[in-house]
Number of protein chains: 2
Amino acid sequence: MSARSGRVPEVVVRRLPVYLRVLEELNETESPIVSSQEIGRLTGISPGQVRKDLTNFGVFGKQGVGYRTALLRRELRRILGLDRLIPVGLIGAGHLGLAVARYDQERERRHPGGTCLMAIFDKDPQKIGTTVGDLVIQDVAKLEESLLALGIRILILAVPATEAQALVDRAIRLGVRAFLNFAPVSLKVPPGVVVHTTDVGLELEALAYYA
Amino acid sequence: MSARSGRVPEVVVRRLPVYLRVLEELNETESPIVSSQEIGRLTGISPGQVRKDLTNFGVFGKQGVGYRTALLRRELRRILGLDRLIPVGLIGAGHLGLAVARYDQERERRHPGGTCLMAIFDKDPQKIGTTVGDLVIQDVAKLEESLLALGIRILILAVPATEAQALVDRAIRLGVRAFLNFAPVSLKVPPGVVVHTTDVGLELEALAYYA
DNA sequence: TAGATTGTTAATCGATTAACAATC
DNA sequence: TAGATTGTTAATCGATTAACAATC
């Protein structure tokens with residue numbers, strides 16, 4: 001989880017998709033306008049926080065009125081870069097990797113646009129060539145050429161802990177700067193590269209404290 | 001992600017399993033003693049932070065020397081409650097649920113003790129009765145009696161967003177106070193109940209900002 | 001206009017870092 | 001003892017909250 005050079009705190013960037021989600025769920029006709037209070041109620045984030053977060057990126061509301069739902073939704077998509085196709089790759093077609101792939105394909109079906117899973121890699125010859133949805137699992141040996149050909153900009157890692165670092169290093173060399181890591185290992189990356197790690201083991205052990 | 005009444009910040013509790021992991025990976029004979037500097041190097045957390053976090057729970061080191069590896073490991077397990085069996089349940093035997101179950105069974109095989117997945121629930125009659133490792137998938141209709149019988153204290157949710165809140169409410173009524181939620185929805189829980197949500201969709205959208 | 005809600009500043013809160021006395 | 005490292009306090013940093021002027 002490396003900080004990026006930019007000026008907007010990561011904690012703010014992580015809240016933007018939460019705002020976007022409630023805006024996507026709001027009915028356009030019923031709620032053409034939405035207030036920071038309403039967004040706060042739907043997300044559990046304070047209205048002041050919502051307004052402060054948004055002002056990091058510009059002025060989107062009208063005083064005394066609120067935010068135009070459609071406009072704010074569009075702006076958030078633009079800020080996050082989701083107004084364009086963002087090709088995503090996945091390495092590791094084990095149980096977890098396949099689950100994430102299917103989960104994401106379903107998510108894309110419901111909310112098209114933005115991130116799009118475009119390649120799955122594995123090193124197991126038994127898996128290479130088989131399909132997941134409309135994707136064919138590729139040999140990870142061809143990672144470099146495939147990442148470049150598809151313009152992959154986010155890479156999901158669902159591989160054993162021992163293999164994750166080497167794969168990240170290879171992908172960074174090709175210009176990938178954003179990783180979602182499911183391997184139970186903390187990855188070393190240079191400044192400007194962001195890694196979000198989701199580690200079920202660590203989560204359970206932290207929850208044990210409260211259980 | 002609700003705050004707990006206790007005095008130790010959640011951000012500290014979340015670092016404890018990270019410390020524990022490096023202590024478990026350290027070779028006892030090679031490193032009978034470990035310094036905060038070494039822990040810091042292995043985790044990417046500053047040595048001062050390591051010491052400060054630990055002093056929330058007591059005095060475990062020796063000035064001028066460091067921490068006895070075995071002792072600190074044992075103390076961290078005790079602090080987190082991992083010195084006793086913590087029964088864990090899982091609802092949802094879809095792709096993601098099954099992947100998490102298998103991932104966790106593998107984790108337990110390698111590091112026995114502490115959290116232990118003891119029940120899997122689903123509502124699909126086709127899945128009920130089938131096995132995952134040595135666990136038989138149970139009917140979620142029997143959630144209440146099974147949670148009580150097994151003494152489940154952490155519940156993992158791998159169900160559709162629409163079903164998560166109702167299931168959390170049922171489990172809270174039975175005394176479950178810790179949840180690991182994979183459903184793409186923010187759950188409302190009373191004070192004293194902790195929910196850690198892992199949402200692949202939100203993660204990807206936040207990463208899009210950096211991609 | 002009166003009422004409402006934003007954008008923004010100032011105050012508060014909390015976490016991290018720096019630094020060092022204690023002490024092994 | 002001399003060197004090293006903890007435990008702890010003070011200083012810094014950053015994020016959240018409160019409050020309100022601007023203005024629709």
Side-chain angles (χ1 to χ4, degrees), chain A residues 1-16 18-19 22-23 26 31-73 75-76 79 186 206 209, chain B residues 1-16 18-19 22-23 26 31-73 75-76 79 186 206 209:
Chain A
M1 195 122 12
S2 163
R4 159 194 144 103
S5 42
R7 72 212 182 302
V8 180
E10 180 167 331
V11 65
V12 173
V13 173
R14 279 177 168 274
R15 279 193 293 262
L16 300 182
V18 180
Y19 302 147
V22 306
L23 291 172
L26 277 180
S31 314
I33 304 281
V34 65
S35 67
S36 60
Q37 189 169 34
E38 179 68 359
I39 297 174
R41 196 182 62 76
L42 292 168
T43 58
I45 296 165
S46 78
Q49 181 87 268
V50 173
R51 296 199 298 279
K52 192 139 216 296
D53 284 350
L54 293 177
T55 52
N56 276 289
F57 305 96
V59 167
F60 307 115
K62 258 207 176 71
Q63 279 148 323
V65 181
Y67 302 90
R68 281 185 47 202
T69 308
L71 175 85
L72 187 54
R73 186 165 50 210
E75 289 292 339
L76 281 172
I79 291 163
S186 95
Y209 181 79
Chain B
M1 197 123 6
S2 163
R4 159 193 144 102
S5 44
R7 72 214 182 300
V8 180
E10 179 167 331
V11 64
V12 173
V13 173
R14 278 178 170 274
R15 279 193 294 261
L16 300 182
V18 179
Y19 302 147
V22 306
L23 292 172
L26 278 180
S31 314
I33 303 282
V34 65
S35 67
S36 59
Q37 188 170 33
E38 179 68 0
I39 296 174
R41 196 183 60 77
L42 292 168
T43 59
I45 297 165
S46 76
Q49 181 86 267
V50 174
R51 297 199 299 277
K52 191 139 215 298
D53 284 350
L54 293 177
T55 53
N56 277 288
F57 304 97
V59 168
F60 307 115
K62 259 207 176 71
Q63 280 148 321
V65 181
Y67 302 90
R68 281 184 46 203
T69 308
L71 176 86
L72 186 55
R73 185 164 52 210
E75 289 292 338
L76 281 171
I79 291 163
S186 95
Y209 181 80

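None of these values were measured; they are calculated from a predicted model. Throughout, a chain's letter reflects where its sequence line sits, starting with A, and its residues are numbered from 1.
Contact detail for B:F57 and B:F60: the closest heavy-atom pair is O-CZ, 3.6 Å. Among all heavy-atom pairs drawn from B:S31 and B:T69, the shortest one is O-OG1, 2.5 Å. Contact between B:V65 and B:I33 at its shortest, heavy atoms only, is O-CG2, 3.8 Å.
Between D:dG7 and B:R51, no contact under 4.0 Å exists linking OP1 or OP2 to a side-chain N or O. Remark: B:Y67 is not in phosphate contact with C:dC24, judged by side-chain N or O atoms under 4.0 Å from OP1 or OP2. Taking side-chain N and O atoms only, B:T55 has no distance below 4.0 Å to OP1 or OP2 of D:dT8.
The nearest whole Å value for the distance from the CD atom in B:Q37 to the C1' atom in C:dA18 is 15 Å. Residue B:R68 contributes atom CZ, which lies 16 Å from atom C1' of D:dT6 at whole-angstrom precision. Distance, B:L54 CG to D:dT8 P: 12 Å, rounded to whole Å. The nearest whole Å value for the distance from the CD atom in B:E38 to the P atom in D:dA4 is 16 Å.
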* Structure fact -> Its dot-bracket string being built from Watson-Crick and G-U pairs below 3.5 Å, with | for another strand and [ ] for crossing, DNA chain D has the pattern ..||||||||||||||||||||||
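The list of side-chain hydrogen bond (donor to acceptor under 3.5 Å, both in side chains) pairs with a residue in residues 50-59 of chain B, not counting sequence neighbours, reads B:R15-B:D53, B:Y19-B:D53, B:S36-B:R51.
For the segment residues 57-66 of chain B, residues with any heavy atom less than 4.0 angstrom from an atom of DNA chain D are, sorted by number, B:V59, B:F60, B:G61, B:K62, B:Q63, B:G64, B:V65, B:G66.
Residues meeting the side-chain hydrogen bond (donor to acceptor under 3.5 Å, both in side chains) test with B:R68, sequence neighbours left out: none. Here A:S35 pairs with A:Q37, A:E38 under the side chain to side chain contact (heavy atoms under 4.5 Å, CB included) rule; sequence neighbours left out.
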Where do N or O atoms of nucleotides 11-17 of chain C meet protein N or O atoms at under 3.5 Å, pair by pair?
from: C:dT16; atom 1: OP1; to: B:R15; atom 2: NH1; distance (Å): 3.1
from: C:dT16; atom 1: OP2; to: B:R15; atom 2: NH2; distance (Å): 3.1
from: C:dT16; atom 1: OP2; to: B:Q49; atom 2: OE1; distance (Å): 3.3
from: C:dT16; atom 1: O5'; to: B:Q49; atom 2: NE2; distance (Å): 3.3
from: C:dT17; atom 1: OP2; to: B:S46; atom 2: OG; distance (Å): 3.4

